[in-house]
**Q** 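Here it is, the structure, as structure tokens.
Naming convention: chains lettered A, B, ... in sequence-line order (proteins, then strands); numbering from 1 in each chain.
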Protein chains: 2
Amino acid sequence: MAAQRSRRRIPEATVARLPVYLRMLGEQFEIGVANISSEELAELAGVNAAKVRKDLSYLGSYGTRGVGYDVEFLVYQIRRELGLTHDWPVVIVGAGNLGQALAGYNGFGDRGFPVGGIVDIDDSKVGSVVGGVRVRHLDEIKQVVQARNISIGVIATPGAAAQDAADSLVAAGVTSILNFTPTVINVPHGISVGKVDLAVELQILAYHEQRRANAAQGSVVRSLSGLSIPGESRRGASA
Amino acid sequence: MAAQRSRRRIPEATVARLPVYLRMLGEQFEIGVANISSEELAELAGVNAAKVRKDLSYLGSYGTRGVGYDVEFLVYQIRRELGLTHDWPVVIVGAGNLGQALAGYNGFGDRGFPVGGIVDIDDSKVGSVVGGVRVRHLDEIKQVVQARNISIGVIATPGAAAQDAADSLVAAGVTSILNFTPTVINVPHGISVGKVDLAVELQILAYHEQRRANAAQGSVVRSLSGLSIPGESRRGASA
DNA sequence: AAACGTTTGTGCATGTTTTCACAAAGCCTG
DNA sequence: CAGGCTTTGTGAAAACATGCACAAACGTTT
Ligand SMILES: NC(=O)c1ccc[n+]([C@@H]2O[C@H](COP(=O)([O-])OP(=O)(O)OC[C@H]3O[C@@H](n4cnc5c(N)ncnc54)[C@H](O)[C@@H]3O)[C@@H](O)[C@H]2O)c1
Ligand SMILES: NC(=O)c1ccc[n+]([C@@H]2O[C@H](COP(=O)([O-])OP(=O)(O)OC[C@H]3O[C@@H](n4cnc5c(N)ncnc54)[C@H](O)[C@@H]3O)[C@@H](O)[C@H]2O)c1
């Protein structure tokens with residue numbers, strides 16, 4: 001069979017779930033599971049089985065009716081679709097607490113995203129080695145990016161420097177950015193930006209906590225035993 | 001005016017954006033801006049103005065037509081809605097690299113989520129002080145949680161211990177969990193779970209990078225100057 | 001106090017995502 | 001090789017989210 005052409009666009013919601021399936025499938029493969037049903041995979045990933053099937057159907061018809069999916073083959077197909085057939089080295093901007101923690105974290109490189117470089121603006125940080133990589137000066141970012149043909153950048157500077165960092169990354173040729181600061185950054189059209197904001201996640205949880213508290217107060221009489229709070233977060237389970 | 005009752009449920013997508021508006025409004029208030037239009041706030045938050053207005057309309061009719069929104073009042077209303085009128089101390093499970101980085105990070109407490117406790121299973125970690133808090137043993141988690149009436153827990157253990165950590169948190173009385181491990185955890189009904197998974201974010205970016213690469217390859221002749229790649233990530237901008 | 005320019009709040013159309021439900025397709029057993 | 005059992009793949013419905021467009025409301029100016 002010929003390798004599939006770039007098929008119809010995959011819904012963003014599906015793209016966000018494929019990495020989860022991929023991880024679960026990888027774990028199952030490790031422990032010797034050769035075949036898996038949508039029901040089983042759904043259970044592992046904490047989602048609905050129909051969703052799993054629809055998600056996987058965007059990759060093609062890779063299941064066998066009455067049987068399920070071949071784990072190894074599915075892992076290969078998802079990796080191919082996500083573009084994980086080769087490594088994507090990343091450059092980290094900001095070698096502070098977070099930058100160093102990320103650089104030293106193996107789960108990064110293990111998943112195909114080795115740290116290809118770290119830069120900082122502070123001369124006292126430049127030259128030190130974190131996670132086996134020497135910190136270079138921000139001015140050298142272009143060389144760092146081009147030397148390893150890096151296309152993904154991670155921003156771990158203080159929030160106030162985030163836009164600067166983004167501009168530097170884009171100027172250096174990076175086309176995807178993962179922003180760990182709480183600052184909203186502006187980038188030219190065609191650059192992808194992902195954001196991880198701790199405070200936002202906690203505030204979402206606080207909202208649900210508060211609703212729970214209010215609900216409990218409003219139903220002092222009714223709630224005897226089974227607490228049945230709506231609780232359901234954007235991502236993640238709530239069994 | 002009497003304090004509003006727990007009004008109609010706010011859409012989850014809106015709940016996820018309110019913290020962003022809140023941060024932007026806080027910054028504007030700091031620099032002396034007393035009033036703001038949906039257009040201006042939208043620009044700052046990197047979203048569409050109509051969306052801002054609809055989102056804010058769930059809180060009530062707090063704007064003034066022809067004028068905009070009173071920044072201070074809006075900050076108060078969003079904080080009230082999100083349940084940020086008081087602090088929510090959190091307990092961190094796992095005092096490794098990440099746990100320590102989080103505990104030492106001020107942007108945590110600054111936003112109303114002080115670290116109320118840290119626990120670890122490793123005796124060599126217990127007793128050490130990180131971020132001004134003494135690490136206690138996992139066995140004492142219930143005391144830690146109840147002493148400060150904590151309802152939010154953060155999991156920063158290795159993935160293999162995540163379910164254990166979740167079980168311990170729930171047993172101790174925590175009702176919301178933020179999970180930093182790549183493991184999918186199961187919790188009883190009524191417990192909210194948020195998830196932050198670095199690898200997932202990077203893999204989503206890789207998908208877009210790969211599409212970009214494929215698209216470029218497919219249009220070698222056409223793409224002369226203006227790169228007009230679809231690029232748009234789930235969360236975050238792509239101006 | 002009317003006319004004007006501005007900006008909100010929201011009805012409605014459109015787009016996206018989830019869920020249901022079932023025919024089609026495969027294995028296995030007898 | 002037919003019948004039964006299982007599980008996929010996918011239309012179609014429902015639920016959710018976004019964006020447009022405009023009437024209603026407000027402040028200001030004349
Ligand atoms: N530490 C955490 O646990 C944590 C958690 C979540 C989010 N964050 C966010 O991550 C970011 C970094 O946090 P941190 O604790 O590592 O801060 P930090 O102050 O320890 O590190 C920031 C680093 O960025 C460098 N820097 C400043 N301006 C720069 C520029 N223009 N270009 C390159 N480097 C520059 C500084 O020299 C410093 O080394 C912050 O925005 C913070 O809000 C941190
Ligand atoms: N370090 C990073 O930058 C980073 C980034 C993203 C995600 N993560 C994830 O965060 C988690 C922690 O990473 P880390 O680098 O801090 O690991 P780590 O090994 O440094 O720390 C884990 C800590 O958890 C403790 N622990 C183990 N089992 C426990 C249990 N049952 N109860 C309580 N504590 C227990 C260990 O004693 C250790 O102190 C991992 O799942 C990792 O995938 C880490």
Side-chain angles (χ1 to χ4, degrees), chain A residues 4 7-18 20-21 25 33-71 73-74 77-78 81 204 230 232-238, chain B residues 4 7-18 20-21 25 28 33-71 73-74 77-78 81 204 230 232-239:
Chain A
Q4 263 77 2
R7 36 179 73 258
R8 59 181 180 278
R9 192 186 127 276
I10 297 183
E12 204 58 34
T14 295
V15 172
R17 280 186 298 267
L18 288 177
V20 180
Y21 302 153
L25 289 167
V33 176
N35 193 91
I36 196 168
S37 70
S38 61
E39 197 74 54
E40 292 167 320
L41 181 51
E43 165 73 22
L44 292 171
V47 302
N48 170 304
K51 206 186 276 185
V52 168
R53 289 200 296 278
K54 182 141 286 189
D55 284 343
L56 295 181
S57 77
Y58 292 113
L59 310 185
S61 258
Y62 297 138
T64 306
R65 291 167 190 229
V67 179
Y69 301 85
D70 182 274
V71 174
F73 185 63
L74 200 49
Q77 289 301 337
I78 296 179
E81 192 66 44
I204 293 171
E232 176 69 32
S233 67
R234 214 163 20 103
R235 294 186 289 165
S238 179
Chain B
Q4 263 77 2
R7 37 179 75 257
R8 60 180 178 279
R9 192 184 129 277
I10 296 183
E12 204 58 34
T14 294
V15 172
R17 280 188 297 268
L18 288 177
V20 180
Y21 302 153
L25 290 166
Q28 293 302 302
V33 176
N35 193 90
I36 197 169
S37 70
S38 60
E39 197 73 55
E40 293 167 319
L41 181 51
E43 166 72 22
L44 292 172
V47 301
N48 171 304
K51 206 186 280 185
V52 167
R53 290 200 295 276
K54 186 147 284 187
D55 284 344
L56 295 181
S57 78
Y58 291 112
L59 310 184
S61 258
Y62 297 139
T64 307
R65 292 167 189 228
V67 178
Y69 301 86
D70 182 274
V71 174
F73 186 64
L74 199 50
Q77 290 300 336
I78 296 179
E81 193 67 44
I204 293 171
E232 175 71 30
S233 68
R234 214 163 21 102
R235 293 185 291 164
S238 179

**Q** Can you check whether A/L56 reaches A/Y21 side chain to side chain, under 4.5 Å on heavy atoms?
**A** yes
**Q** How would you list, by chain and number, every residue that makes a side chain to side chain donor-acceptor pair (under 3.5 Å) with A/E40, sequence neighbours excluded?
**A** A/S37
**Q** Please give, in whole Å, the distance from C/dT10 C1' to B/Y62 OH?
**A** 17 Å
**Q** Could you tell me how far apart B/D70 (CG) and C/dT8 (C1') are, to the nearest whole angstrom?
**A** 15 Å
**Q** Test of understanding: with salt bridge (charged side-chain N to carboxylate O under 4.0 Å, His left out), list the residues that count as partners of A/R17, not counting sequence neighbours.
**A** A/D55
**Q** Rounding to a whole Å, what distance do you find between B/E12:CD and D/dA17:C1'?
**A** 13 Å
**Q** Less than 3.5 Å apart, which donor and acceptor atoms pair up between the side chains of residues 41-52 of chain B and the rest of the protein, not counting sequence neighbours?
**A**
unit_1 : atom_1 : unit_2 : atom_2 : d
B/N48  : OD1    : B/A50  : N      : 2.6
B/N48  : OD1    : B/K51  : N      : 3.3

**Q** Verify the contact: side-chain N or O of A/S61 to OP1 or OP2 of D/dG9, cut-off strictly under 4.0 Å; return yes or no.
**A** yes
**Q** Please report the end-to-end axis angle for the helix from C/dA1-D/dT30 to C/dG30-D/dC1, five pairs per end, rounded to 10 degrees.
**A** 0°
**Q** For a 4.5 angstrom cut-off between non-hydrogen side-chain atoms, does B/E81 reach B/V15?
**A** no
**Q** Calculate the interatomic distance between B/L18 atom CG and D/dA17 atom P; express it in whole Å.
**A** 13 Å
**Q** What's the shortest heavy-atom distance between B/V71 and B/L25, and which atoms?
**A** CG1-O, 3.4 Å
**Q** Round to a whole Å and report the spacing from CD1 of A/I36 to P of D/dT6.
**A** 18 Å
**Q** Just so I know, are the side chains of B/T64 and B/N35 near enough to count as touching, which here means a heavy-atom distance under 4.5 Å?
**A** no
**Q** Below 3.5 Å between N/O atoms, which protein atoms pair up with nucleotides 18-21 of chain D? Just atom names and distances, please.
**A**
unit_1 : atom_1 : unit_2 : atom_2 : d
D/dT18 : OP1    : B/R17  : NH1    : 3.2
D/dT18 : OP2    : B/R17  : NH1    : 3.2
D/dT18 : OP2    : B/R17  : NH2    : 2.9
D/dG19 : OP2    : B/K51  : NZ     : 3.4
D/dG19 : O6     : B/K54  : NZ     : 2.8
D/dA21 : N6     : B/R53  : NH2    : 3.3

**Q** Could you list the protein-to-nucleotides 23-30 of chain D atom pairs, N/O on both sides, closer than 3.5 Å?
**A**
unit_1 : atom_1 : unit_2 : atom_2 : d
D/dA24 : N3     : B/R65  : NH1    : 2.8

**Q** What is the separation between atom CD on A/E39 and atom P on C/dT19, rounded to the nearest whole Å?
**A** 13 Å
**Q** Do you know which two heavy atoms are closest between A/E12 and A/R9, and how far apart they sit?
**A** N-NH2, 4.2 Å
**Q** Going by side chain to side chain contact (heavy atoms under 4.5 Å, CB included), name the residues that satisfy it together with A/D70, two or more places apart in sequence or in a different chain.
**A** A/E72, A/F73
**Q** Determine: side-chain N/O of B/Y69 to OP1/OP2 of C/dG9, distance under 4.0 Å, yes or no.
**A** yes
